[in-house]
Amino acid sequence: MENSVSEKGEIIEQPLLMVENDSGEGTQKGGFRTLPFILGNMFLVITATSALTPNMILYLMNEYHMDIITGSNIINTWSAVTNIAPVVVAFIADSFVGRFQTIGLGSVVTLVGMFLFWLTTLIPQARPPPCVISDNICRSAGKFQLFYLCFALAIVAIGAGVIKSLSLAFGSDQLKREVRQENVRALERFFSWYYALYALSIVVALTCLVYIQVNMGWALGFGAPVLLVLFATLLIYLGTPFYVKLKPKSSLITGLFQVIVASYRNRCLRLSSQSADILYHQKKGSTIVLPSEKLRFLNKACIVRDPQLDLNPDGEATDPWRLCTVDQVEELKALLKVVPIWLTGVVAAINISQPSFPVLQANTMDRHIGSSFEVPAASFGIFGFISTVLWIVLYDCLILPVASKLTGKPVHFSPKERMGFGLFLSLLSVLAVAVVEGVRRNIAIKEGHSDDPNGLIPMSAVWLLPQNCLLGFAEAMNAIGQNEFYISEFPRSMSSIASTLLALGMGLGNLLASFIISTIDNLTKRGGAESWVSSNVNKGHYDYYYLVLAGFNLVNMLCYIVCSKAYGPCKGEEEEIVEEEKS
(Lines give C-alpha, C1' and ligand atoms only; values in the text may rest on other atoms or scores of the structure.)
Protein backbone atom coordinates (compact mmCIF):
# COMPACT_ATOMS: atom_id res chain seq x y z
CA MET A 1 0.00 0.00 0.00
CA GLU A 2 1.46 3.35 -0.97
CA ASN A 3 0.53 6.77 0.36
CA SER A 4 0.58 10.19 -1.26
CA VAL A 5 -0.13 13.65 0.07
CA SER A 6 -2.87 15.84 -1.31
CA GLU A 7 -2.70 19.61 -1.75
CA LYS A 8 -4.42 19.97 1.62
CA GLY A 9 -1.77 17.89 3.31
CA GLU A 10 -4.03 14.90 3.81
CA ILE A 11 -2.62 11.40 3.47
CA ILE A 12 -4.35 9.43 0.71
CA GLU A 13 -4.08 5.65 0.50
CA GLN A 14 -3.31 4.52 -3.05
CA PRO A 15 -4.50 1.18 -4.50
CA LEU A 16 -2.55 -1.94 -3.68
CA LEU A 17 0.88 -2.29 -5.29
CA MET A 18 0.98 -3.42 -8.87
CA VAL A 19 3.25 -5.99 -10.47
CA GLU A 20 3.52 -6.63 -14.20
CA ASN A 21 2.93 -10.12 -15.55
CA ASP A 22 4.42 -11.61 -18.73
CA SER A 23 1.89 -9.82 -20.95
CA GLY A 24 2.79 -6.46 -19.45
CA GLU A 25 -0.54 -6.09 -17.64
CA GLY A 26 -0.65 -5.02 -14.02
CA THR A 27 -1.90 -7.39 -11.34
CA GLN A 28 -2.74 -6.39 -7.81
CA LYS A 29 -0.87 -7.74 -4.81
CA GLY A 30 -2.35 -8.85 -1.54
CA GLY A 31 -5.83 -10.22 -0.95
CA PHE A 32 -7.16 -13.54 0.34
CA ARG A 33 -4.84 -15.56 -1.89
CA THR A 34 -1.94 -14.64 0.41
CA LEU A 35 -3.62 -15.97 3.56
CA PRO A 36 -2.94 -19.70 3.02
CA PHE A 37 0.79 -18.90 3.03
CA ILE A 38 0.65 -16.66 6.12
CA LEU A 39 -1.81 -18.74 8.15
CA GLY A 40 -0.14 -21.98 7.11
CA ASN A 41 3.22 -20.68 8.27
CA MET A 42 1.76 -19.60 11.61
CA PHE A 43 -0.10 -22.89 12.15
CA LEU A 44 2.93 -25.08 11.46
CA VAL A 45 5.35 -23.00 13.57
CA ILE A 46 3.01 -22.73 16.57
CA THR A 47 2.21 -26.45 16.39
CA ALA A 48 5.91 -27.35 16.32
CA THR A 49 7.05 -25.03 19.10
CA SER A 50 4.05 -25.75 21.35
CA ALA A 51 4.90 -29.45 21.22
CA LEU A 52 8.23 -28.87 22.98
CA THR A 53 6.92 -27.50 26.28
CA PRO A 54 4.58 -30.24 27.65
CA ASN A 55 7.16 -33.03 27.94
CA MET A 56 10.21 -30.81 28.33
CA ILE A 57 10.52 -31.38 32.09
CA LEU A 58 10.55 -35.17 31.57
CA TYR A 59 13.20 -34.82 28.85
CA LEU A 60 15.41 -32.63 31.03
CA MET A 61 15.07 -34.84 34.11
CA ASN A 62 15.47 -38.18 32.32
CA GLU A 63 18.06 -37.29 29.67
CA TYR A 64 19.97 -34.39 31.30
CA HIS A 65 19.54 -35.67 34.88
CA MET A 66 18.32 -32.29 36.13
CA ASP A 67 16.37 -31.75 39.29
CA ILE A 68 12.94 -30.20 39.00
CA ILE A 69 14.14 -26.73 40.09
CA THR A 70 16.82 -26.45 37.40
CA GLY A 71 14.50 -27.86 34.75
CA SER A 72 11.64 -25.56 35.74
CA ASN A 73 13.89 -22.51 35.69
CA ILE A 74 15.12 -23.36 32.19
CA ILE A 75 11.55 -23.85 30.95
CA ASN A 76 10.29 -20.65 32.58
CA THR A 77 13.18 -18.60 31.22
CA TRP A 78 12.60 -20.07 27.78
CA SER A 79 8.88 -19.24 28.00
CA ALA A 80 9.72 -15.71 29.16
CA VAL A 81 11.93 -15.12 26.12
CA THR A 82 9.16 -16.49 23.87
CA ASN A 83 6.65 -14.04 25.36
CA ILE A 84 8.91 -10.98 25.60
CA ALA A 85 10.57 -11.41 22.19
CA PRO A 86 7.42 -10.30 20.27
CA VAL A 87 7.64 -6.84 21.84
CA VAL A 88 11.22 -6.33 20.66
CA VAL A 89 10.56 -7.99 17.31
CA ALA A 90 7.53 -5.81 16.56
CA PHE A 91 9.60 -2.69 17.23
CA ILE A 92 12.41 -3.85 14.91
CA ALA A 93 10.02 -4.93 12.15
CA ASP A 94 7.95 -1.76 12.19
CA SER A 95 10.91 0.62 12.47
CA PHE A 96 13.74 -0.90 10.44
CA VAL A 97 13.30 -4.21 8.62
CA GLY A 98 9.68 -4.67 7.55
CA ARG A 99 7.21 -7.40 8.46
CA PHE A 100 7.73 -9.82 5.57
CA GLN A 101 11.51 -9.83 5.89
CA THR A 102 11.23 -10.33 9.65
CA ILE A 103 8.73 -13.22 9.35
CA GLY A 104 10.90 -14.92 6.74
CA LEU A 105 14.00 -14.54 8.88
CA GLY A 106 12.07 -15.67 11.97
CA SER A 107 10.99 -18.86 10.20
CA VAL A 108 14.59 -19.64 9.26
CA VAL A 109 15.78 -18.91 12.81
CA THR A 110 13.09 -21.19 14.25
CA LEU A 111 14.10 -23.95 11.85
CA VAL A 112 17.76 -23.64 12.86
CA GLY A 113 16.86 -23.70 16.57
CA MET A 114 14.54 -26.71 16.21
CA PHE A 115 17.20 -28.59 14.25
CA LEU A 116 19.88 -27.83 16.87
CA PHE A 117 17.56 -28.99 19.64
CA TRP A 118 16.67 -32.17 17.71
CA LEU A 119 20.36 -33.01 17.51
CA THR A 120 20.42 -33.39 21.31
CA THR A 121 18.34 -36.55 20.81
CA LEU A 122 20.64 -37.94 18.10
CA ILE A 123 24.17 -37.08 19.27
CA PRO A 124 25.09 -38.85 22.53
CA GLN A 125 27.84 -36.29 23.24
CA ALA A 126 25.22 -33.52 23.35
CA ARG A 127 23.80 -34.85 26.63
CA PRO A 128 25.12 -36.71 29.70
CA PRO A 129 25.62 -40.50 29.50
CA PRO A 130 22.79 -42.68 30.83
CA CYS A 131 22.70 -43.33 34.55
CA VAL A 132 24.19 -46.60 35.82
CA ILE A 133 21.56 -47.60 38.34
CA SER A 134 23.45 -50.61 39.66
CA ASP A 135 26.45 -48.47 40.67
CA ASN A 136 24.31 -45.42 41.53
CA ILE A 137 26.27 -43.29 39.04
CA CYS A 138 24.37 -40.46 37.37
CA ARG A 139 26.45 -37.66 35.84
CA SER A 140 24.92 -34.24 35.36
CA ALA A 141 25.25 -32.24 32.15
CA GLY A 142 28.56 -30.50 31.44
CA LYS A 143 28.92 -26.77 30.81
CA PHE A 144 29.10 -27.15 27.04
CA GLN A 145 26.09 -29.48 26.98
CA LEU A 146 24.04 -27.00 29.01
CA PHE A 147 25.20 -24.11 26.83
CA TYR A 148 24.26 -25.97 23.65
CA LEU A 149 20.83 -26.89 25.05
CA CYS A 150 20.04 -23.34 26.21
CA PHE A 151 21.38 -21.83 22.98
CA ALA A 152 19.11 -24.05 20.87
CA LEU A 153 16.06 -23.24 23.02
CA ALA A 154 16.85 -19.50 22.90
CA ILE A 155 17.01 -19.60 19.10
CA VAL A 156 13.63 -21.35 19.00
CA ALA A 157 12.12 -18.80 21.41
CA ILE A 158 13.29 -15.81 19.36
CA GLY A 159 12.10 -17.30 16.08
CA ALA A 160 8.71 -18.31 17.48
CA GLY A 161 8.36 -14.84 18.99
CA VAL A 162 8.69 -13.35 15.51
CA ILE A 163 5.85 -15.46 14.11
CA LYS A 164 3.57 -14.80 17.09
CA SER A 165 4.07 -11.04 16.95
CA LEU A 166 3.83 -10.38 13.21
CA SER A 167 1.58 -12.99 11.54
CA LEU A 168 -1.64 -11.22 12.50
CA ALA A 169 -0.37 -7.77 11.47
CA PHE A 170 1.17 -9.02 8.22
CA GLY A 171 -2.05 -10.80 7.27
CA SER A 172 -4.03 -7.62 7.98
CA ASP A 173 -1.72 -5.73 5.60
CA GLN A 174 -2.89 -7.98 2.76
CA LEU A 175 -6.59 -7.22 3.23
CA LYS A 176 -6.70 -3.43 3.18
CA ARG A 177 -8.19 -3.37 -0.32
CA GLU A 178 -10.82 -5.99 0.47
CA VAL A 179 -11.95 -4.00 3.49
CA ARG A 180 -12.52 -0.87 1.43
CA GLN A 181 -13.86 -2.23 -1.83
CA GLU A 182 -15.04 -5.84 -1.74
CA ASN A 183 -15.91 -7.18 1.68
CA VAL A 184 -16.24 -5.15 4.84
CA ARG A 185 -15.95 -8.33 6.90
CA ALA A 186 -12.60 -9.33 5.42
CA LEU A 187 -10.56 -8.58 8.54
CA GLU A 188 -13.17 -10.17 10.80
CA ARG A 189 -13.03 -13.37 8.76
CA PHE A 190 -9.25 -13.32 8.82
CA PHE A 191 -9.15 -12.88 12.62
CA SER A 192 -11.62 -15.76 13.05
CA TRP A 193 -9.50 -18.07 10.89
CA TYR A 194 -6.34 -16.93 12.65
CA TYR A 195 -7.57 -17.74 16.16
CA ALA A 196 -9.28 -20.95 15.01
CA LEU A 197 -6.03 -22.22 13.47
CA TYR A 198 -4.06 -21.05 16.51
CA ALA A 199 -6.38 -23.09 18.74
CA LEU A 200 -6.12 -26.08 16.43
CA SER A 201 -2.33 -25.89 16.50
CA ILE A 202 -2.33 -26.17 20.31
CA VAL A 203 -4.69 -29.18 20.15
CA VAL A 204 -2.50 -30.96 17.60
CA ALA A 205 0.63 -30.23 19.66
CA LEU A 206 -0.85 -31.48 22.94
CA THR A 207 -2.30 -34.64 21.43
CA CYS A 208 -0.60 -35.96 18.30
CA LEU A 209 2.96 -34.70 18.83
CA VAL A 210 2.98 -35.41 22.56
CA TYR A 211 1.72 -38.94 21.85
CA ILE A 212 4.62 -39.47 19.40
CA GLN A 213 7.14 -38.30 22.01
CA VAL A 214 5.80 -40.64 24.68
CA ASN A 215 5.26 -43.74 22.56
CA MET A 216 7.83 -43.47 19.74
CA GLY A 217 10.79 -41.85 21.45
CA TRP A 218 12.43 -38.43 21.70
CA ALA A 219 14.22 -38.59 18.35
CA LEU A 220 11.02 -39.00 16.36
CA GLY A 221 8.96 -36.90 18.77
CA PHE A 222 11.25 -33.86 18.42
CA GLY A 223 12.11 -34.62 14.78
CA ALA A 224 8.53 -34.26 13.56
CA PRO A 225 8.36 -30.56 14.63
CA VAL A 226 11.54 -29.90 12.63
CA LEU A 227 9.76 -31.06 9.47
CA LEU A 228 6.76 -28.87 10.30
CA VAL A 229 8.94 -25.77 10.61
CA LEU A 230 10.75 -26.68 7.37
CA PHE A 231 7.41 -26.76 5.54
CA ALA A 232 6.41 -23.50 7.26
CA THR A 233 9.59 -21.77 6.04
CA LEU A 234 9.07 -22.96 2.46
CA LEU A 235 5.41 -21.93 2.59
CA ILE A 236 6.02 -18.31 3.64
CA TYR A 237 8.56 -17.78 0.85
CA LEU A 238 6.35 -19.43 -1.80
CA GLY A 239 3.92 -16.53 -1.45
CA THR A 240 6.60 -13.86 -1.97
CA PRO A 241 5.31 -12.63 -5.38
CA PHE A 242 1.82 -11.97 -3.98
CA TYR A 243 2.49 -10.10 -0.72
CA VAL A 244 1.93 -6.43 0.00
CA LYS A 245 5.17 -5.37 1.70
CA LEU A 246 4.81 -2.12 3.57
CA LYS A 247 7.92 -0.09 4.20
CA PRO A 248 9.04 0.27 7.83
CA LYS A 249 8.20 3.53 9.55
CA SER A 250 8.78 5.20 12.88
CA SER A 251 7.56 3.05 15.76
CA LEU A 252 5.15 4.21 18.45
CA ILE A 253 7.54 2.81 21.05
CA THR A 254 10.16 5.30 19.83
CA GLY A 255 7.65 8.10 20.38
CA LEU A 256 7.05 7.00 23.98
CA PHE A 257 10.77 7.10 24.72
CA GLN A 258 10.96 10.52 23.10
CA VAL A 259 8.40 11.84 25.61
CA ILE A 260 10.44 10.52 28.54
CA VAL A 261 13.67 12.05 27.20
CA ALA A 262 12.03 15.35 26.24
CA SER A 263 10.29 15.78 29.61
CA TYR A 264 13.62 15.19 31.37
CA ARG A 265 15.51 17.61 29.11
CA ASN A 266 12.78 20.21 29.68
CA ARG A 267 12.56 19.57 33.42
CA CYS A 268 13.53 23.16 34.22
CA LEU A 269 10.47 24.58 32.44
CA ARG A 270 7.67 25.86 34.65
CA LEU A 271 4.12 24.67 34.22
CA SER A 272 1.49 27.40 34.47
CA SER A 273 -1.97 26.79 35.85
CA GLN A 274 -3.26 28.84 32.94
CA SER A 275 -3.04 26.63 29.86
CA ALA A 276 -3.67 29.63 27.60
CA ASP A 277 -0.27 31.02 28.62
CA ILE A 278 1.56 27.99 27.16
CA LEU A 279 1.97 26.97 23.53
CA TYR A 280 1.76 23.20 23.07
CA HIS A 281 2.98 21.29 20.02
CA GLN A 282 -0.01 19.67 18.32
CA LYS A 283 -0.10 16.89 15.76
CA LYS A 284 -1.63 17.81 12.42
CA GLY A 285 -5.27 16.79 12.29
CA SER A 286 -5.40 15.87 15.98
CA THR A 287 -8.43 16.74 18.08
CA ILE A 288 -6.36 16.86 21.29
CA VAL A 289 -5.48 20.50 21.90
CA LEU A 290 -4.24 20.51 25.50
CA PRO A 291 -2.59 17.81 27.63
CA SER A 292 -4.47 16.45 30.63
CA GLU A 293 -3.66 17.53 34.18
CA LYS A 294 -2.69 14.03 35.32
CA LEU A 295 1.07 13.29 35.43
CA ARG A 296 1.66 16.99 34.66
CA PHE A 297 5.44 16.68 34.66
CA LEU A 298 5.19 14.90 31.29
CA ASN A 299 3.48 17.97 29.82
CA LYS A 300 6.87 19.67 29.66
CA ALA A 301 7.73 17.41 26.73
CA CYS A 302 5.21 19.18 24.45
CA ILE A 303 5.80 22.83 25.44
CA VAL A 304 7.01 25.03 22.59
CA ARG A 305 9.51 27.55 23.98
CA ASP A 306 10.45 29.31 20.74
CA PRO A 307 8.39 28.48 17.63
CA GLN A 308 11.13 29.70 15.28
CA LEU A 309 13.78 27.46 16.85
CA ASP A 310 11.67 24.49 17.92
CA LEU A 311 9.55 24.06 14.78
CA ASN A 312 10.34 23.53 11.10
CA PRO A 313 8.47 25.48 8.40
CA ASP A 314 6.13 22.49 7.99
CA GLY A 315 5.24 22.59 11.69
CA GLU A 316 7.22 19.51 12.70
CA ALA A 317 9.65 19.55 15.64
CA THR A 318 13.26 20.27 14.74
CA ASP A 319 14.36 17.89 17.51
CA PRO A 320 11.74 15.21 18.36
CA TRP A 321 13.82 14.20 21.39
CA ARG A 322 13.27 17.66 22.90
CA LEU A 323 9.79 18.54 21.68
CA CYS A 324 6.92 16.03 21.32
CA THR A 325 3.27 16.37 20.38
CA VAL A 326 0.38 16.46 22.83
CA ASP A 327 -0.78 13.12 21.38
CA GLN A 328 2.54 11.48 22.24
CA VAL A 329 2.32 12.74 25.82
CA GLU A 330 -1.24 11.47 26.24
CA GLU A 331 -0.28 8.09 24.80
CA LEU A 332 2.44 7.66 27.43
CA LYS A 333 0.03 8.75 30.17
CA ALA A 334 -2.51 6.16 29.02
CA LEU A 335 0.17 3.47 29.23
CA LEU A 336 1.36 4.50 32.70
CA LYS A 337 -2.20 4.66 34.00
CA VAL A 338 -2.87 0.96 33.33
CA VAL A 339 0.44 -0.28 34.80
CA PRO A 340 -0.95 -1.08 38.31
CA ILE A 341 -3.78 -3.18 36.87
CA TRP A 342 -1.37 -4.78 34.38
CA LEU A 343 0.90 -5.84 37.26
CA THR A 344 -1.94 -7.85 38.81
CA GLY A 345 -2.09 -9.77 35.53
CA VAL A 346 1.64 -10.47 35.83
CA VAL A 347 1.10 -12.10 39.23
CA ALA A 348 -1.82 -14.13 37.84
CA ALA A 349 0.50 -15.41 35.10
CA ILE A 350 2.50 -17.24 37.79
CA ASN A 351 -0.26 -19.86 38.00
CA ILE A 352 0.04 -20.59 34.28
CA SER A 353 3.85 -20.68 34.55
CA GLN A 354 3.91 -24.05 36.34
CA PRO A 355 4.73 -26.43 33.48
CA SER A 356 6.72 -29.01 35.42
CA PHE A 357 4.85 -30.26 38.46
CA PRO A 358 1.45 -30.92 36.76
CA VAL A 359 3.20 -33.33 34.36
CA LEU A 360 5.03 -35.15 37.19
CA GLN A 361 1.82 -35.25 39.20
CA ALA A 362 -0.22 -36.76 36.35
CA ASN A 363 2.61 -39.20 35.62
CA THR A 364 1.98 -40.97 38.95
CA MET A 365 -1.80 -41.33 38.52
CA ASP A 366 -4.06 -43.73 36.64
CA ARG A 367 -4.51 -42.16 33.19
CA HIS A 368 -6.19 -45.05 31.39
CA ILE A 369 -9.29 -44.64 29.25
CA GLY A 370 -10.68 -48.13 28.94
CA SER A 371 -8.27 -51.04 29.22
CA SER A 372 -5.76 -50.18 26.50
CA PHE A 373 -5.41 -46.44 25.87
CA GLU A 374 -3.41 -44.31 28.31
CA VAL A 375 -3.51 -40.50 28.11
CA PRO A 376 0.03 -39.03 28.11
CA ALA A 377 0.72 -37.08 31.29
CA ALA A 378 1.72 -34.00 29.30
CA SER A 379 -1.60 -33.98 27.42
CA PHE A 380 -3.70 -33.06 30.44
CA GLY A 381 -3.02 -29.39 29.75
CA ILE A 382 -5.43 -29.66 26.83
CA PHE A 383 -8.35 -29.76 29.29
CA GLY A 384 -7.46 -26.27 30.44
CA PHE A 385 -7.29 -25.12 26.83
CA ILE A 386 -10.64 -26.74 26.00
CA SER A 387 -12.14 -25.02 29.05
CA THR A 388 -10.90 -21.67 27.77
CA VAL A 389 -12.56 -22.17 24.38
CA LEU A 390 -15.72 -23.57 26.00
CA TRP A 391 -16.05 -20.57 28.32
CA ILE A 392 -15.68 -18.13 25.41
CA VAL A 393 -18.49 -19.88 23.52
CA LEU A 394 -20.79 -20.21 26.54
CA TYR A 395 -20.21 -16.62 27.63
CA ASP A 396 -21.30 -15.16 24.30
CA CYS A 397 -23.97 -17.69 23.33
CA LEU A 398 -25.55 -18.68 26.66
CA ILE A 399 -24.56 -16.67 29.74
CA LEU A 400 -25.13 -13.16 28.39
CA PRO A 401 -28.40 -13.99 26.52
CA VAL A 402 -29.87 -15.80 29.54
CA ALA A 403 -28.82 -13.03 31.95
CA SER A 404 -30.31 -10.40 29.63
CA LYS A 405 -33.57 -12.32 29.39
CA LEU A 406 -33.83 -12.75 33.16
CA THR A 407 -33.13 -9.08 33.92
CA GLY A 408 -35.19 -7.72 31.04
CA LYS A 409 -32.34 -5.52 29.79
CA PRO A 410 -29.05 -6.03 28.00
CA VAL A 411 -26.42 -7.43 30.39
CA HIS A 412 -22.76 -6.69 29.84
CA PHE A 413 -19.85 -7.35 32.15
CA SER A 414 -17.09 -4.77 31.84
CA PRO A 415 -13.50 -5.83 31.13
CA LYS A 416 -12.51 -4.94 34.70
CA GLU A 417 -15.30 -7.12 36.13
CA ARG A 418 -14.22 -10.07 33.99
CA MET A 419 -10.57 -9.55 34.93
CA GLY A 420 -11.48 -9.56 38.62
CA PHE A 421 -13.60 -12.71 38.30
CA GLY A 422 -10.72 -14.32 36.40
CA LEU A 423 -8.38 -13.59 39.31
CA PHE A 424 -10.89 -15.21 41.68
CA LEU A 425 -11.11 -18.35 39.53
CA SER A 426 -7.32 -18.42 39.33
CA LEU A 427 -7.20 -18.44 43.14
CA LEU A 428 -9.68 -21.34 43.23
CA SER A 429 -7.60 -23.31 40.71
CA VAL A 430 -4.49 -23.05 42.88
CA LEU A 431 -6.43 -24.14 45.95
CA ALA A 432 -7.77 -27.11 43.98
CA VAL A 433 -4.22 -28.15 43.08
CA ALA A 434 -3.20 -27.97 46.74
CA VAL A 435 -6.15 -30.13 47.89
CA VAL A 436 -5.75 -32.78 45.17
CA GLU A 437 -1.99 -32.97 45.67
CA GLY A 438 -2.43 -33.43 49.44
CA VAL A 439 -4.70 -36.42 48.79
CA ARG A 440 -2.41 -37.84 46.06
CA ARG A 441 0.69 -37.56 48.24
CA ASN A 442 -0.96 -39.32 51.20
CA ILE A 443 -2.07 -42.20 48.95
CA ALA A 444 1.43 -42.49 47.46
CA ILE A 445 3.00 -42.73 50.93
CA LYS A 446 0.45 -45.32 52.09
CA GLU A 447 1.19 -47.39 48.98
CA GLY A 448 4.90 -47.36 49.84
CA HIS A 449 6.07 -45.01 47.05
CA SER A 450 7.92 -42.52 49.24
CA ASP A 451 11.22 -43.25 47.49
CA ASP A 452 9.70 -43.90 44.06
CA PRO A 453 8.48 -40.67 42.43
CA ASN A 454 7.42 -42.59 39.31
CA GLY A 455 5.36 -45.20 41.12
CA LEU A 456 1.74 -45.44 39.97
CA ILE A 457 -0.93 -45.01 42.62
CA PRO A 458 -4.58 -46.15 42.61
CA MET A 459 -5.97 -42.66 42.03
CA SER A 460 -7.68 -41.61 38.82
CA ALA A 461 -6.24 -38.66 36.91
CA VAL A 462 -9.83 -37.45 36.52
CA TRP A 463 -9.18 -35.61 39.80
CA LEU A 464 -6.91 -33.28 37.82
CA LEU A 465 -9.77 -32.01 35.67
CA PRO A 466 -11.20 -29.45 38.16
CA GLN A 467 -7.90 -27.60 38.55
CA ASN A 468 -7.29 -27.58 34.78
CA CYS A 469 -10.82 -26.43 34.02
CA LEU A 470 -10.72 -23.66 36.63
CA LEU A 471 -7.40 -22.44 35.27
CA GLY A 472 -8.81 -22.48 31.74
CA PHE A 473 -11.88 -20.50 32.80
CA ALA A 474 -9.66 -18.05 34.68
CA GLU A 475 -7.45 -17.49 31.66
CA ALA A 476 -10.48 -16.94 29.43
CA MET A 477 -11.89 -14.29 31.76
CA ASN A 478 -8.69 -12.51 32.73
CA ALA A 479 -6.69 -12.68 29.50
CA ILE A 480 -9.54 -11.68 27.19
CA GLY A 481 -10.62 -9.03 29.68
CA GLN A 482 -7.09 -7.62 29.72
CA ASN A 483 -6.90 -7.42 25.94
CA GLU A 484 -10.28 -5.69 25.68
CA PHE A 485 -9.39 -3.34 28.54
CA TYR A 486 -6.12 -2.19 26.98
CA ILE A 487 -7.56 -1.79 23.48
CA SER A 488 -10.60 0.15 24.71
CA GLU A 489 -8.64 2.42 27.06
CA PHE A 490 -5.73 3.26 24.76
CA PRO A 491 -5.90 5.67 21.82
CA ARG A 492 -6.36 3.92 18.48
CA SER A 493 -2.74 4.69 17.59
CA MET A 494 -1.62 2.45 20.49
CA SER A 495 -3.42 -0.72 19.38
CA SER A 496 -0.11 -2.45 18.62
CA ILE A 497 1.15 -1.83 22.16
CA ALA A 498 -2.18 -2.92 23.62
CA SER A 499 -1.88 -6.27 21.86
CA THR A 500 1.62 -6.94 23.27
CA LEU A 501 0.98 -6.04 26.93
CA LEU A 502 -0.58 -9.43 27.73
CA ALA A 503 2.38 -11.34 26.27
CA LEU A 504 4.82 -9.09 28.08
CA GLY A 505 2.99 -9.76 31.35
CA MET A 506 3.15 -13.50 30.69
CA GLY A 507 6.90 -13.24 30.14
CA LEU A 508 7.44 -11.41 33.41
CA GLY A 509 5.16 -13.94 35.11
CA ASN A 510 7.43 -16.74 33.85
CA LEU A 511 10.46 -15.04 35.41
CA LEU A 512 8.61 -14.34 38.65
CA ALA A 513 7.51 -17.99 38.86
CA SER A 514 11.14 -19.09 38.44
CA PHE A 515 12.21 -16.74 41.24
CA ILE A 516 9.47 -17.97 43.61
CA ILE A 517 10.15 -21.68 43.15
CA SER A 518 13.91 -21.14 43.61
CA THR A 519 13.33 -19.09 46.75
CA ILE A 520 10.98 -21.65 48.29
CA ASP A 521 13.45 -24.41 47.45
CA ASN A 522 16.30 -22.58 49.21
CA LEU A 523 14.19 -21.74 52.27
CA THR A 524 12.59 -25.15 52.83
CA LYS A 525 15.67 -27.35 52.40
CA ARG A 526 17.70 -25.61 55.09
CA GLY A 527 19.09 -27.86 57.78
CA GLY A 528 19.05 -30.87 55.50
CA ALA A 529 15.26 -31.04 55.28
CA GLU A 530 13.51 -32.25 52.15
CA SER A 531 12.57 -29.34 49.91
CA TRP A 532 8.86 -28.64 49.39
CA VAL A 533 9.58 -28.63 45.65
CA SER A 534 11.74 -31.77 45.62
CA SER A 535 12.29 -33.74 42.42
CA ASN A 536 10.67 -36.61 44.33
CA VAL A 537 7.07 -35.37 44.35
CA ASN A 538 6.16 -37.92 47.03
CA LYS A 539 8.75 -36.60 49.48
CA GLY A 540 8.19 -32.94 48.68
CA HIS A 541 5.23 -30.86 49.78
CA TYR A 542 3.80 -29.36 46.62
CA ASP A 543 0.51 -28.96 48.44
CA TYR A 544 2.24 -26.45 50.74
CA TYR A 545 3.89 -24.79 47.74
CA TYR A 546 0.54 -24.22 46.06
CA LEU A 547 -0.92 -22.88 49.30
CA VAL A 548 1.85 -20.25 49.21
CA LEU A 549 0.83 -19.44 45.64
CA ALA A 550 -2.76 -19.18 46.84
CA GLY A 551 -1.62 -16.58 49.38
CA PHE A 552 0.03 -14.59 46.60
CA ASN A 553 -3.17 -14.82 44.54
CA LEU A 554 -5.32 -13.65 47.46
CA VAL A 555 -3.14 -10.59 48.05
CA ASN A 556 -3.03 -9.95 44.30
CA MET A 557 -6.83 -10.06 44.06
CA LEU A 558 -7.17 -7.54 46.91
CA CYS A 559 -4.62 -5.27 45.21
CA TYR A 560 -6.61 -5.52 42.01
CA ILE A 561 -9.78 -4.38 43.76
CA VAL A 562 -7.96 -1.33 45.13
CA CYS A 563 -6.30 -0.52 41.78
CA SER A 564 -9.55 -1.00 39.90
CA LYS A 565 -11.39 1.47 42.14
CA ALA A 566 -8.52 3.95 41.96
CA TYR A 567 -8.53 3.73 38.15
CA GLY A 568 -12.13 4.88 37.99
CA PRO A 569 -14.69 4.09 35.29
CA CYS A 570 -13.54 2.90 31.88
CA LYS A 571 -14.31 4.72 28.66
CA GLY A 572 -18.04 4.58 27.99
CA GLU A 573 -18.92 3.70 31.59
CA GLU A 574 -19.34 7.37 32.56
CA GLU A 575 -22.26 7.71 30.14
CA GLU A 576 -23.85 4.51 31.47
CA ILE A 577 -23.60 5.79 35.05
CA VAL A 578 -25.20 9.11 34.10
CA GLU A 579 -28.05 7.34 32.28
CA GLU A 580 -28.70 5.05 35.26
CA GLU A 581 -28.82 8.06 37.60
CA LYS A 582 -31.32 9.82 35.31
CA SER A 583 -33.53 6.75 35.13
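Predicted model, so just to flag it, every value in this text is computed and none were measured.
Using bins of under 30°, 30° to 60° and over 60° for the plane-to-plane angle, the ring pair Trp391/Phe421 lands in the tilted bin. Aromatic ring pairs are classed by plane angle as parallel below 30°, tilted from 30° to 60° and perpendicular above 60°; the pair Phe357 and Tyr546 is tilted. Relative ring orientation between Phe147 and Phe151 is described as parallel, the plane-to-plane angle staying below 30° on a 0-90° scale split at 30° and 60°. Aromatic ring orientation, Trp532 versus Tyr544: perpendicular (interplanar angle above 60°, classes split at 30° and 60°).
Taking OG1 of Thr388 as the reference point, atom CD1 of Ile480 lies at 8.0 Å (rounded to 0.5 Å). How far CE of Met506 is from CD1 of Ile352: 4.5 Å, rounded to the nearest 0.5 Å. Here the straight-line distance linking atom NZ of Lys337 with atom SG of Cys563 works out to 13.0 Å at 0.5 Å rounding. With values rounded to the nearest 0.5 angstrom, Leu332 atom CG is found 5.5 Å from Ile260 atom CD1. With values rounded to the nearest 0.5 angstrom, Ser50 atom OG is found 6.0 Å from Tyr198 atom OH.
A side-chain donor-acceptor contact under 3.5 Å links Asp366 to the backbone of His368.
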Apply side chain to side chain contact (heavy atoms under 4.5 Å, CB included) to the pair Met61 and Ile57, showing each step before the final yes or no.
CA-CA 6 Å; Met61 293 180 69; Ile57 188 62; 3.8 Å; yes

Run the numbers on Val375 and Phe373 for side chain to side chain contact (heavy atoms under 4.5 Å, CB included), then give the verdict.
CA-CA 7 Å; Val375 179; Phe373 182 74; 3.9 Å; yes

Stepwise side chain to side chain contact (heavy atoms under 4.5 Å, CB included) check, Ser426 with Asn478
CA-CA 9 Å; Ser426 187; Asn478 188 263; over 6 Å; no

Show your working on side chain to side chain contact (heavy atoms under 4.5 Å, CB included) between Val533 and Ile69 and close with a plain yes or no.
CA-CA 7 Å; Val533 287; Ile69 302 301; 3.3 Å; yes

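For Tyr567, the OH atom is densely surrounded, since the number of other residues' heavy atoms within 6.0 Å is greater than 12.
We find that Asp451 and Lys539 are joined by a salt bridge, their nearest charged nitrogen and carboxylate oxygen being less than 4.0 Å apart. Between Arg418 and Glu484 there is a salt bridge, since at least one side-chain N of the basic residue sits less than 4.0 Å from a carboxylate O of the acidic one.
When each of Leu60, Ile517, Leu360, Asp521 is checked for a side chain to side chain contact (heavy atoms under 4.5 Å, CB included) with Ile68, only Leu360 meets the rule.
Side-chain atoms of Ile382 and Thr207, non-hydrogen and from C-beta on, do get closer than 4.5 Å to each other.
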